[in-house]
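Notes follow once the structure below has been shown.
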Amino acid sequence: AQSVTQPDIHITVSEGASLELRCNYSYGATPYLFWYVQSPGQGLQLLLKYFSGDTLVQGIKGFEAEFKRSQSSFNLRKPSVHWSDAAEYFCAVVGGNTNAGKSTFGDGTTLTVKP
Amino acid sequence: GAGVSQTPSNKVTEKGKYVELRCDPISGHTALYWYRQSLGQGPEFLIYFQGTGAADDSGLPNDRFFAVRPEGSVSTLKIQRTERGDSAVYLCASSRTVNTEAFFGQGTRLTVV
């Protein structure tokens, strides 16, 4: 069965500082991996996705993530955080043929940005 | 509309009542998903449709939960004999095909009192 772990429940960074949110997954084959952001009262918005190819993927709002098969990780990064980035971030994995269309989400990391 | 639309945005119901939650996917999207998000947790898969048929309903917690998508577009999630533990945000998403980018609605917050 596929699973996702986001080890950090809550992270606080200063505005302008760099950010890395951790995500570890468990899945036998090559997964499809996603990062979503959820602001209060808003739906989930896709930041970026990895299906195949280049392991460093660029997303919206200046975010990027790197797929590392050897570490079963897909960490999200941003070089300089803005106050508007404060939100909850979810990593998700979708399996291949056996679990098509069935995303498994982590429990999220809440990001607080200090002025 | 351009995005996934869910109605109502909020629903308060009494324990034991029946509720229906509606999802209007993005036009042309064949795959539709329902998730449930409890406080402090990530979304949890309930069911997904490919066209009109439920391709995988293994996430439905029990037989009080049922979902339909009769014409391959709008979907309704139905909950019978609601319990306080059913209180959560119910999210709907759609995608062009399975395993492509899913677009989420803003959810229906269900509160069972």
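Values below: every heavy atom of this structure, side chains too, minus hydrogens, waters and symmetry copies. Lettering follows sequence order; numbering is per chain, from 1.
The neighbour count for B:L39 CG, taken as heavy atoms of other residues, nucleotides or ligands under 6.0 Å away, does not exceed 12. Applying the 6.0 Å contact sphere to CZ of B:R96 captures no more than 12 heavy atoms from other residues, nucleotides or ligands. Counting heavy atoms of neighbouring residues, nucleotides and ligands inside a 6.0 Å radius, atom CZ of B:F66 does not exceed 12 of them.
A:L46 and B:W34 fall into different hydrophobic clusters, defined by Ile, Leu, Val, Met, Phe, Trp and Tyr side-chain heavy atoms under 4.5 Å apart, directly or through other members. A single hydrophobic cluster is not seen to contain both A:I9 and A:L21; linkage of ILVMFWY side chains at heavy-atom distances under 4.5 Å, directly or through other members, places them apart. B:L91 and B:I79 end up in different hydrophobic clusters when Ile, Leu, Val, Met, Phe, Trp and Tyr side chains are linked at under 4.5 Å. By the criterion of side-chain heavy atoms lying less than 4.5 angstrom apart, applied directly or through intervening Ile, Leu, Val, Met, Phe, Trp or Tyr residues, A:V37 is grouped together with A:V93 in one hydrophobic cluster.
At a 4.5 Å heavy-atom cutoff, the contact between A:Q38 and chain B is made by side-chain atoms alone. Proximity to chain A is absent for every atom of B:A55, based on heavy atoms less than 4.5 angstrom apart. Only the side chain of B:S58 comes within less than 4.5 Å of a heavy atom in chain A; its backbone stays farther off. Using a 4.5 Å cut-off between heavy atoms, A:L44 touches chain B through backbone and side chain atoms alike.
Under a 3.5 Å cut-off, the side chain of A:D107 and the backbone N or O of B:G42 do form a donor-acceptor pair. Of the possible donor and acceptor atoms, none in the side chain of B:Y33 sits under 3.5 Å from a partner among the backbone N and O of A:S103.
Contact check for B:F45 versus A:F105: no side-chain heavy atoms found under the 4.5 Å cut-off. With a 4.5 Å cut-off on side-chain heavy atoms, A:Q42 and B:F104 do not count as touching. Residues B:P43 and A:Y36 have side chains not in contact (no heavy-atom distance under 4.5 Å, counting atoms from C-beta outward).
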Worked check of side-chain contact (heavy atoms from CB on, under 4.5 Å) between A:F90 and B:Q37:
CA-CA 12 Å; A:F90 293 95; B:Q37 186 175 19; 3.3 Å; yes

